[in-house]
Amino acid sequence: MTEWTRDDHRYMARALRLAARGLHTTTPNPRVGCVLVKAGAVVGEGWHARAGGDHAELAAIAASNVPVRGATAYITLEPCRHYGRTPPCTDALIAAGIAEVVYAMQDPNPEVSGAGAETLAQAGMRVRAGLMADAAAALNPGFISRMVRGRPWVRLKVAATLDGRTALSSGDSRWITGKPARTDVHRLRARSCAVMTGIGTLLADDPLLTVRHIETSRQPLRIVVDNNLAFPANAATLGEPGGVLVVTASNDDERIDELRAVGASVLQLNTARGRVDLARLLQALGERGINELLVEAGQNLNGALLAAGLVDELVIYFNARVMGDSGRGMFALPVAESMEAAAGFVITDTRLLGPDLRVTLRPREAPRV
């Protein structure tokens with residue numbers, strides 16, 4: 001078993017903080033940081049900022065003002081060995097004369113997992129793995145999900161009162177929560193590759209579904225699940241950067257052409273019941289490079305995703321009010337026949353945001369990511 005020193009932890013912790021700088025921008029690539037250490041001093045730092053740009057290892061080497069030969073590289077993800085938009089990081093590390101690589105987590109891509117470490121070891125480099133692996137994985141749940149399961153990490157957000165109501169019976173939901181909570185939702189949007197809602201929410205609220213309360217250089221793709229193509233051609237979100245994808249079970253070619261003419265993309269995924277196949281939708285999004293999917297929808301789509309076992313994480317913002325029985329609920333689900341049959345969750349985080357309480361949960365049967 002590898003023994004890690006205090007300095008090992010300190011340098012990897014710094015690499016993780018660097019990786020987090022790419023939280024909003026690296027899609028579809030993972031968030032990765034790198035710290036180069038030589039003779040007990042940091043001589044170079046870097047992180048992956050965006051797809052097509054330098055990977056963290058190359059950025060750290062380029063940032064160094066001294067020769068890095070003989071240095072140790074602390075990297076949050078196993079260096080890649082394959083060609084993509086950029087050359088392999090293993091080649092850059094070997095060419096730079098790096099003596100040792102310490103990485104946090106193995107590449108989850110089954111086609112390349114372990115290959116980077118093997119290449120470095122064959123070149124005579126010392127390689128150590130597993131330092132702060134859980135923290136590195138927590139930065140990249142979507143990338144891991146897409147590599148392992150072929151679909152994005154699904155994070156479902158709900159704003160509700162203490163009695164679990166998300167809107168008045170009229171559909172009015174502005175605003176259940178205060179500004180700190182709403183700003184936090186924009187942080188979730190900013191880190192997501194796509195934001196998804198249902199046609200009911202779109203028709204009721206005409207939301208933009210964009211990042212506005214925080215600074216960002218990228219807008220997520222907006223996805224609307226619309227079984228019967230009721231999507232209006234003048235929807236506000238159509239005029240925003242990032243793109244709109246309407247997912248439908250309809251075969252109405254005329255309506256599809258109309259939506260494409262106003263700038264929307266359309267994906268047809270029908271089921272035998274005339275509804276969008278949500279499992280196939282997630283697989284299709286994985287094929288498009290979507291790592292993290294944020295769902296901001298009403299009780300029908302929320303319930304359908306939960307019933308299908310497609311929710312990986314719940315983020316619920318509770319406001320300290322009670323709306324009453326006529327208000328709309330969080331999930332449209334059949335009544336559980338027993339307590340054991342009810343959907344179970346594990347609370348992973350709680351925090352106050354102004355007057356509201358944010359609770360983060362994961363299904364009890366969720367995969368460990």
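For this chain, numbers begin at 1 and follow the sequence in order.
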Q: If you take all heavy atoms of L188 and S192, which pair is closest and at what distance?
A: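 In this case the closest contact between L188 and S192 is O-OG, 2.6 Å.
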Q: For a side-chain contact (heavy atoms from CB on, under 4.5 Å) check, start with the C-alpha distance between D8 and T5, then their side-chain angles and the critical distance, and finish with the verdict.
A: CA-CA 5 Å; D8 286 333; T5 68; 3.3 Å; yes
Q: Is it the case that one hydrophobic cluster holds both L306 and I347, taking links as side-chain heavy atoms less than 4.5 Å apart, direct or via other members?
A: yes
Q: Taking distance alone, no hydrogens or angles, what donor-acceptor pairs closer than 3.5 Å link side-chain atoms of residues 58-69 to residues at least two apart or in another chain?
A:
| residue | atom | partner | partner atom | Å |
| --- | --- | --- | --- | --- |
| S64 | OG | V43 | O | 2.8 |
| S64 | OG | V66 | N | 3.3 |
| S64 | OG | V66 | O | 2.8 |

Q: Any sub-3.5 Å donor-acceptor pair from D107's side-chain atoms to L77's backbone N or O?
A: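 Not confirmed, D107 side chain does not pair with L77 backbone.
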Q: Whether R351 and D184 form a salt bridge (side-chain N of Lys/Arg under 4.0 Å from carboxylate O of Asp/Glu) is what I want to check.
A: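 Salt bridge flag = no for R351 with D184.
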Q: Which pairs pass ring-ring contact (aromatic ring centres under 6.0 Å, His included) with one or both residues in residues 186-245, sequence neighbours excluded?
A: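 Qualifying pairs, neighbours excluded: H186-H213.
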Q: Looking at R50, is its backbone amide N or carbonyl O close enough to the side chain of R218 to form a donor-acceptor pair, meaning the two atoms are under 3.5 Å apart?
A: no
Q: Tell me every residue that passes side chain to side chain contact (heavy atoms under 4.5 Å, CB included) with R6, counting only those two or more places apart in sequence or in another chain.
A: none
Q: So which atom in C89 and which in E57 form the shortest heavy-atom distance, rounded to 0.1 Å?
A: SG-OE1, 3.4 Å
Q: Any side-chain heavy atom of V42 sitting closer than 4.5 Å to one from R14?
A: no
Q: Considering only heavy atoms from C-beta outward, does the side chain of R189 approach that of R212 to under 4.5 Å?
A: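 Yes, close enough: below the 4.5 Å cut-off.
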Q: Do the non-hydrogen side-chain atoms of R191 and R187 ever get within less than 4.5 Å of each other?
A: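 Heavy-atom side-chain distance check fails, nothing below 4.5 Å.
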Q: Among residues at least two apart in sequence or on other chains, which ones pass side chain to side chain contact (heavy atoms under 4.5 Å, CB included) with A233?
A: V262
Q: To the closest 0.5 Å, what do you measure between CE (M12) and OH (Y103)?
A: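 Going from CE on M12 over to OH on Y103, the span is 10.5 Å.
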Q: Considering non-hydrogen atoms only, spot the tightest contact between V32 and A56 and give its length.
A: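 Where V32 meets A56 most closely, the heavy atoms are O-CB, 3.4 Å.
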Q: For L269 and L281, work out which heavy atoms get closest and say how close.
A: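 Closest approach of L269 to L281, heavy atoms only: CD1-CA, 3.4 Å.
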Q: Under 4.0 Å between a Lys/Arg side-chain N and an Asp/Glu carboxylate O for E240 and R222?
A: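 Answer for the salt bridge query: no.
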Q: Using every non-hydrogen atom in the two residues, find where S250 and T248 come nearest and quote the distance to one decimal.
A: N-OG1, 3.0 Å
Q: Ignoring hydrogens and angles, state whether a donor on the side chain of S145 or R149 is under 3.5 Å from an acceptor on the partner side chain.
A: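 Present: a donor and an acceptor within the cut-off.
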Q: If we ignore hydrogens and angles and just use 3.5 Å, is the side chain of R31 paired with the main-chain N or O of N140 as donor and acceptor?
A: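 Looks like no, no N/O pair under 3.5 Å.
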Q: Might you work through the side-chain contact (heavy atoms from CB on, under 4.5 Å) test for H9 and Y74, ending with a clear yes or no?
A: CA-CA 10 Å; H9 280 92; Y74 290 85; over 6 Å; no
Q: Can you tell if the side chain of P363 reaches within under 4.5 Å of the side chain of D312, non-hydrogen atoms only?
A: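 Contact flag for P363/D312 side chains = no.
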Q: Is there a side-chain contact between D349 and R358 (heavy atoms, below 4.5 Å)?
A: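 Of all side-chain heavy-atom pairs linking R358 with D349, at least one is under 4.5 Å.
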Q: Keeping the roles fixed (side chain from N302, backbone from G298), state whether a donor-acceptor pair exists under 3.5 Å.
A: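 Yes, N302 side chain to G298 backbone: donor-acceptor pair under 3.5 Å.
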Q: To the nearest 0.5 Å, how far apart are CD1 in I290 and OG1 in T27?
A: 6.0 Å
Q: Among the clusters formed by ILVMFWY side chains lying less than 4.5 Å apart, do M105 and I75 turn up in the same one?
A: yes
Q: Any sub-3.5 Å donor-acceptor pair from T166's side-chain atoms to G329's backbone N or O?
A: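 It does hold such a pair.
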Q: Can you confirm whether the side chains of E287 and Q283 place a donor and an acceptor under 3.5 Å from each other?
A: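 Result is no, nothing qualifies.
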Q: Quick check on side chain to side chain contact (heavy atoms under 4.5 Å, CB included): which of T197, T201, L278 does L301 satisfy it with?
A: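 Result for side chain to side chain contact (heavy atoms under 4.5 Å, CB included) with L301: L278.
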Q: Let's go through F331 and V311 carefully: what are the C-alpha distance in whole Å and the side-chain angles of both, what is the deciding distance for side-chain contact (heavy atoms from CB on, under 4.5 Å) to 0.1 Å, and is it a yes or a no?
A: CA-CA 12 Å; F331 305 99; V311 176; over 6 Å; no
Q: Which pairs, with at least one residue in residues 288-311 and sequence neighbours excluded, count as a ring-ring contact (aromatic ring centres under 6.0 Å, His included)?
A: none
Q: Starting from V266, can I reach I223 by hopping between I/L/V/M/F/W/Y residues whose side chains sit under 4.5 Å apart?
A: no
Q: With clusters defined by side-chain heavy atoms of hydrophobic residues (ILVMFWY) lying less than 4.5 Å apart, directly or transitively, does V244 cluster with I199?
A: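 Yes, same cluster.
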Q: Going through the checks in order, is the side-chain contact (heavy atoms from CB on, under 4.5 Å) test met by R182 and Y317?
A: CA-CA 9 Å; R182 297 200 300 273; Y317 298 86; over 6 Å; no
Q: Quick one, V211 and H24 - any side-chain contact, counting heavy atoms below 4.5 Å?
A: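 Answer no - side chains too far apart.
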Q: Do L310 and V158 share a hydrophobic cluster (ILVMFWY, side-chain heavy atoms under 4.5 Å, transitive)?
A: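 Shared cluster, yes.
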Q: Is it true that a side-chain atom of E292 and a backbone atom of R155 form a donor plus acceptor pair closer than 3.5 Å?
A: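 Side chain of E292 to backbone of R155, a donor-acceptor pair under 3.5 Å: no, none is there.
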Q: Does any donor atom in the side chain of Q106 or S113 lie under 3.5 Å from an acceptor atom in the other side chain?
A: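 Yes, side-chain donor-acceptor contact under 3.5 Å.
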Q: With no hydrogens and no angle check, is any side-chain donor or acceptor of R255 less than 3.5 Å from a backbone partner on L229?
A: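 Confirmed, R255 side chain pairs with L229 backbone.
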Q: How long is the span from the CG atom in L120 to the CG atom in D91, to the nearest 0.5 Å?
A: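 The distance works out to 9.5 Å.
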Q: Please indicate whether D325 has more than 12 foreign heavy atoms, meaning atoms of other residues, nucleotides or ligands, lying under 6.0 Å from its CG.
A: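 At most 12 heavy atoms, drawn from other residues, nucleotides or ligands, come within 6.0 Å of this atom.
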Q: Would the distance check show the side chain of E78 and the main-chain N or O of G116 forming a donor-acceptor pair, the cut-off being under 3.5 Å?
A: yes
Q: Return yes if a side-chain donor-acceptor contact under 3.5 Å exists between D163 and T161, otherwise no.
A: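 Looking only at side-chain atoms, T161 and D163 do form a donor-acceptor pair, the distance falling under 3.5 Å.
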Q: Quick check: do V102 and E100 have side-chain heavy atoms less than 4.5 Å from each other?
A: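 Side chain of V102 against side chain of E100, heavy atoms only: contact under 4.5 Å found.
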Q: Do side-chain atoms of R321 reach the backbone of I176 as a donor and acceptor pair under 3.5 angstrom?
A: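 A pair under 3.5 Å: yes.
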Q: How does the hydrophobic cluster around F143 look, that is, which other residues are in it when side-chain heavy atoms under 4.5 Å mark a link?
A: M147
Q: I'd like to check L18 versus T76 (side-chain heavy atoms, cut-off strictly below 4.5 Å). Are they in contact?
A: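 Answer no - side chains too far apart.
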Q: Can you give me the closest heavy-atom contact between A19 and G33, atom names plus distance?
A: CB-N, 3.3 Å
